[in-house]
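Data first, discussion second: the structure below is written as structure tokens.
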Amino acid sequence: MFCTKCGKQIPDSTKFCPYCGANCSPEQDIASQASQVFNKAEQELGSAFNEVKQSFTGSNNQNNNQGYNANQNYSNGYNNGTIPPYSGTRLKDDRGLASYIILSIITCGIYSYYFIYKMAHDVNIACDGDGENTSGLVAFVLLSLITCGIYAWFWYYNLGNRLAANGPRYGLSIQENGTTVLLWQIFGAFICGIGPFVAMHILIKNSNKICNAYNRAQGLM
């Protein structure tokens, strides 16, 4: 057992750290973890609301100087030309599963489609030049309806593979691929129904990595 404040090892079941006096009881640990989860969810929700607002107002998170510098970096051979050119916008790299679930419930599922639209948009920018294209919202909805949901699995599978394949372009090692996502989507649904959420978490986590690396490469951090 280690103190959550000073990090020193302490005997099990110790209520107060003998080094710093911090409360180390199990109840306090649970309360602290719960607080962290709620704080993170609150931050994700705020970020998601800002993204929706910016989509309607047409604003973005970077200024003209950033765009100029990004274009200069690319034209000067930044990263040997393996990174896509500056798209004129900073990609969202802090999406979260909590905000996805909460806002989808609040909007009766509407936000989930907006979420897919924006994720496909950002991935197409960050992975531009790889010879692939992630279908947008219209294709996702129509083909999913026509195929009774099978196309949605295919979409998730392709996106998982594309993120894993583009990782090396940014010096990233992404372990989960489309097969991992698809297995969670199909068979994970039998594990108390959590499989699809795990699959979405994987896609969110890896798309955040790719978009964050793109932003860094373009000097947009």
Side-chain angles (χ1 to χ4, degrees), residues 40-63 66-67 70 83-130 132-145 149 151-167 169-170 172 174 176 178 181 185 196-218 220-221:
K40 183 178 181 181
E42 184 179 14
Q43 292 174 357
E44 290 179 5
L45 284 172
S47 177
F49 278 122
N50 286 334
E51 180 189 21
V52 175
K53 179 181 178 181
Q54 290 169 3
S55 296
F56 284 102
T57 60
S59 62
N60 49 49
N61 294 329
Q62 76 286 334
N63 54 39
Q66 286 178 314
I83 305 302
Y86 179 58
S87 64
T89 184
R90 183 184 186 281
L91 305 185
K92 186 171 177 59
D93 56 9
D94 60 350
R95 292 185 172 91
L97 183 62
S99 60
Y100 168 78
I101 295 174
I102 294 173
L103 291 178
S104 295
I105 293 174
I106 293 175
T107 62
C108 300
I110 295 175
Y111 179 77
S112 64
Y113 292 111
Y114 172 81
F115 190 92
I116 288 173
Y117 160 73
K118 290 297 293 183
M119 180 181 286
H121 171 268
D122 288 357
V123 169
N124 280 329
I125 291 176
C127 299
D128 185 33
D130 65 346
E132 301 290 336
N133 181 68
T134 300
S135 301
L137 180 60
V138 174
F140 179 89
V141 173
L142 291 180
L143 293 178
S144 294
L145 289 173
Y151 178 79
W153 290 347
F154 177 74
W155 190 88
Y156 293 129
Y157 171 78
N158 280 342
L159 180 59
N161 279 338
R162 190 179 188 190
L163 293 171
N166 277 268
R169 295 175 70 182
Y170 293 97
L172 301 173
I174 297 178
E176 305 95 343
V181 174
Q185 279 282 348
F197 296 107
V198 175
M200 180 58 72
H201 168 70
I202 292 172
L203 293 177
I204 291 173
K205 178 186 68 173
N206 291 338
S207 64
N208 281 344
K209 287 182 178 180
I210 292 291
C211 290
N212 180 268
Y214 170 89
N215 291 334
R216 290 183 180 278
Q218 305 294 356
L220 301 175
M221 298 303 296

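With hydrogens and angles ignored, the 3.5 Å screen pairs a side-chain donor or acceptor of Y170 with a backbone N or O of A126. Remark: the backbone N or O of G178 is paired with a side-chain donor or acceptor of N161 at under 3.5 angstrom. With hydrogens and angles disregarded, no donor-acceptor distance shorter than 3.5 Å links the side chain of R95 to the backbone of I204. The backbone N or O of Y111 sits less than 3.5 Å from a side-chain atom of T107, completing a donor-acceptor pair. Between the side chain of S144 and the backbone N or O of V141, no donor-acceptor pair lies under 3.5 Å. Judged purely by atom type and a 3.5 angstrom limit, N166 uses its side chain to pair as donor or acceptor with the backbone of R162. With hydrogens and angles ignored, the 3.5 Å screen pairs a side-chain donor or acceptor of W155 with a backbone N or O of S135. In this structure a side-chain-to-backbone donor-acceptor pair under 3.5 Å is missing from N124 to N133.
No side-chain heavy atom of F154 sits less than 4.5 Å from a side-chain heavy atom of F140. Under the 4.5 Å side-chain criterion, counting only non-hydrogen atoms from C-beta, L163 is not in contact with E176. I210 places a side-chain heavy atom less than 4.5 Å from the side chain of I174. A heavy-atom distance below 4.5 Å is found between the side chains of V123 and L159.
In Y151, the OH atom is crowded: over 12 heavy atoms of neighbouring residues, nucleotides or ligands sit closer than 6.0 Å.
Distance CE/M119 to OH/Y100: 8.5 Å, rounded to 0.5 Å.
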